[in-house]
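These notes are about the structure you will find just below.
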Amino acid sequence: QVQLVESGGGLVQPGGSLKLSCTASGRTFYNSDMGWFRQAPGKERAFVAVMRGSGGSSVYADSVKGRFTISRDNAKNTVTLQMNSLKPEDTAVYYCAITNNRLILSRVRDGGNYDYWGQGTQVTVSS
């Protein structure tokens, strides 16, 4: 059974940094896309970033490009999201998500194409 466990959320002031981590268990994920999505209160879930499987590259939402960095460690089945220069509009519940297999590029931003989800971790950016 696949399980995803996230950690690292919290309260941070604008301009600050947080690092989210997600550890997956139950199988290996080398060929899987490993990504992050977020959902702010009253808004739909939104794509944040993905590190593509099979040694692929990363893709970012325009709203976080240049501020967030996604990385993965296949040996540890982990994906991390380093978030810098945080803004109040980054406040949301952040979810780790993983696919069974690598997606074609046009599908990586759609959460409906991901097979496994974490429980979510709250990130609050406020002074």
Side-chain angles (χ1 to χ4, degrees):
Q1 181 179 358
V2 174
Q3 289 188 321
L4 278 60
V5 178
E6 300 142 340
S7 62
L11 172 65
V12 64
Q13 293 186 341
S17 298
L18 279 177
K19 185 175 182 178
L20 306 182
S21 295
C22 173
T23 300
S25 61
R27 49 166 281 192
T28 58
F29 297 95
Y30 178 76
N31 295 320
S32 300
D33 293 343
M34 304 179 79
W36 291 91
F37 289 76
R38 66 187 181 185
Q39 187 165 20
K43 295 188 176 181
E44 293 186 352
R45 181 179 62 196
F47 168 78
V48 175
V50 65
M51 180 68 84
R52 303 187 68 206
S54 305
S57 59
S58 54
V59 179
Y60 295 92
D62 289 344
S63 59
V64 306
K65 201 173 295 183
R67 300 188 298 122
F68 290 11
T69 302
I70 189 170
S71 60
R72 64 189 283 173
D73 184 333
N74 290 320
K76 297 180 179 180
N77 277 351
T78 60
V79 58
T80 60
L81 186 69
Q82 177 66 46
M83 305 185 293
N84 298 327
S85 303
L86 283 160
K87 305 175 181 180
E89 50 264 43
D90 294 318
T91 295
V93 177
Y94 283 70
Y95 297 91
C96 170
I98 297 178
T99 64
N100 271 323
N101 297 291
R102 177 168 159 157
L103 299 171
I104 59 174
L105 185 57
S106 62
R107 294 188 175 184
V108 300
R109 297 171 185 265
D110 183 351
N113 293 316
Y114 288 72
D115 300 287
Y116 308 105
W117 291 83
Q119 80 283 359
T121 185
Q122 177 70 47
V123 171
T124 302
V125 184
S126 174
S127 55

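Starting from 1, each residue takes its place in the sequence as its number.
Annotation: the span from Q1 atom CD to Y116 atom OH amounts to 10.0 Å, rounded to 0.5 Å. In this structure, OG1 on T124 lies 10.5 Å from CG on L86, to the nearest 0.5 angstrom. The CG atom of N77 lies 13.0 Å from the OH atom of Y30; values are rounded to the nearest 0.5 Å. Separation of atoms CG (D33) and OG1 (T99) is listed at 4.0 Å; rounding is to 0.5 Å. Rounding to the nearest 0.5 angstrom, the gap separating the CG atom in D73 from the OG1 atom in T80 is 9.0 Å.
Considering all non-hydrogen atoms of both residues, F37 and R109 come closest at CE2-O, 3.7 Å. When all heavy atoms of I98 and S32 are compared, the closest pair comes out as CG2-CB, 3.6 Å.
Here salt bridge (charged side-chain N to carboxylate O under 4.0 Å, His left out) pairs that include residues 8-24, with residues two or more places apart or in two chains, number zero. Among residues at least two apart or in separate chains, there is no salt bridge (charged side-chain N to carboxylate O under 4.0 Å, His left out) pair with a member in residues 41-51.
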Pair R38, V64 - check side chain to side chain contact (heavy atoms under 4.5 Å, CB included), show working.
CA-CA 12 Å; R38 66 187 181 185; V64 306; 4.0 Å; yes
Does T23 form a side chain to side chain contact (heavy atoms under 4.5 Å, CB included) with K76? I'd like the steps, not just the answer.
CA-CA 8 Å; T23 300; K76 297 180 179 180; over 6 Å; no
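Taking the six-membered ring for Trp and thresholds of 30 and 60 degrees, Y94 and F68 have ring planes inclined between 30 and 60 degrees apart.
Hydrophobic clustering keeps V2 apart from Y95 (ILVMFWY residues linked when any side-chain heavy atoms are closer than 4.5 Å, directly or through intermediates). F29 and L20 fall within a single hydrophobic cluster, where Ile, Leu, Val, Met, Phe, Trp and Tyr are joined by side-chain heavy atoms under 4.5 Å apart, directly or via other members.
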Determine all donor-acceptor pairs shorter than 3.5 Å in which one atom belongs to a side chain in residues 3-16; sequence neighbours excluded.
{"residue": "E6", "atom": "OE1", "partner": "Q119", "partner atom": "N", "Å": "3.3"}
{"residue": "E6", "atom": "OE1", "partner": "G120", "partner atom": "N", "Å": "2.4"}
{"residue": "E6", "atom": "OE2", "partner": "C96", "partner atom": "N", "Å": "2.5"}

For residues 47-61, please give each side-chain donor-acceptor pair under 3.5 Å, one per line with the distance, not counting sequence neighbours.
{"residue": "R52", "atom": "NH2", "partner": "L103", "partner atom": "O", "Å": "2.6"}
{"residue": "S54", "atom": "OG", "partner": "N31", "partner atom": "OD1", "Å": "2.8"}
{"residue": "Y60", "atom": "OH", "partner": "I70", "partner atom": "N", "Å": "2.9"}

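With hydrogens and angles ignored, the 3.5 Å screen pairs a side-chain donor or acceptor of Y114 with a backbone N or O of V108.
Checked against side-chain hydrogen bond (donor to acceptor under 3.5 Å, both in side chains), Q82 has the following partners two or more places apart in sequence or in another chain: N84. Here R67 pairs with D90 under the side-chain hydrogen bond (donor to acceptor under 3.5 Å, both in side chains) rule; sequence neighbours left out.
Applying the 6.0 Å contact sphere to CZ of R107 captures no more than 12 heavy atoms from other residues, nucleotides or ligands.
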